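As structure tokens, the structure follows; a few thoughts come after it.
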Amino acid sequence: MRAGLIIVGIILLVAGIWVTLGNGSYKQTDTVAQLGPAKIEATHEKAVPQWLGIAGIVVGGLLTIGGFVKKR
């Protein structure tokens, strides 16, 4: 269980740093116009919010520290 916490914590920590540095993005497709069966769609690339990266860093750090701390 502790090893799982450490691994998940490190993954969240790295992903949070990656998003905070501005590398995280996703694509969103919107229908601009539709006339009968014909559609005009536009695909936009949007950045993942920076607050999500900061939250990943905090939660990942807490999980990693919690995995390393021993309970007796």
Side-chain angles (χ1 to χ4, degrees):
M1 171 106 173
R2 286 182 31 194
L5 282 176
I6 294 170
I7 291 170
V8 171
I10 290 173
I11 290 171
L12 281 175
L13 193 62
V14 170
I17 291 170
W18 185 69
V19 168
T20 304
L21 292 177
N23 296 326
S25 64
Y26 62 95
K27 292 183 181 183
Q28 181 178 6
T29 303
D30 298 325
T31 301
V32 178
Q34 183 172 0
L35 183 61
K39 275 199 242 184
I40 298 175
E41 293 182 340
T43 302
H44 306 283
E45 192 160 327
K46 296 192 173 198
V48 176
Q50 190 174 13
W51 65 267
L52 198 58
I54 294 170
I57 292 171
V58 170
V59 171
L62 290 174
L63 287 176
T64 306
I65 290 170
F68 281 119
V69 173
K70 260 192 198 176
K71 286 189 177 181
R72 291 182 185 228

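Quantities reported herein were computed from a predicted structural model and do not represent experimental measurements.
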Item checked: With Glu45 via salt bridge (Lys or Arg N to Asp or Glu O under 4.0 Å) - residues at least two apart -> none
Note to self: Nearest 0.5 angstrom please: Leu12 CG to Ile7 CD1, how far?
What the structure shows: 12.5 Å
Item checked: Atom pair OG1 (Thr31) and NZ (Lys39), whose distance is rounded to the nearest 0.5 Å -> 4.5 Å
Considering all heavy atoms of both residues, which atom of [X] and which atom of [Y] are nearest to each other, and what is their separation?
{"X": "Thr64", "Y": "Ile6", "answer": "OG1-O, 4.1 Å"}
{"X": "Gly9", "Y": "Leu63", "answer": "CA-CB, 3.8 Å"}
{"X": "Val32", "Y": "Ala42", "answer": "CG2-CB, 3.7 Å"}

Is [X] linked to [Y] within one hydrophobic cluster, defined over Ile, Leu, Val, Met, Phe, Trp and Tyr using a side-chain heavy-atom separation of less than 4.5 Å?
{"X": "Leu13", "Y": "Val8", "result": "no"}
{"X": "Val69", "Y": "Leu62", "result": "no"}
{"X": "Leu21", "Y": "Val48", "result": "no"}

Next item on the list: Count the heavy atoms of every other residue, nucleotide or ligand shown that sit under 6.0 Å from CD1 of Ile40, and state whether that count exceeds 12.
Entry: no
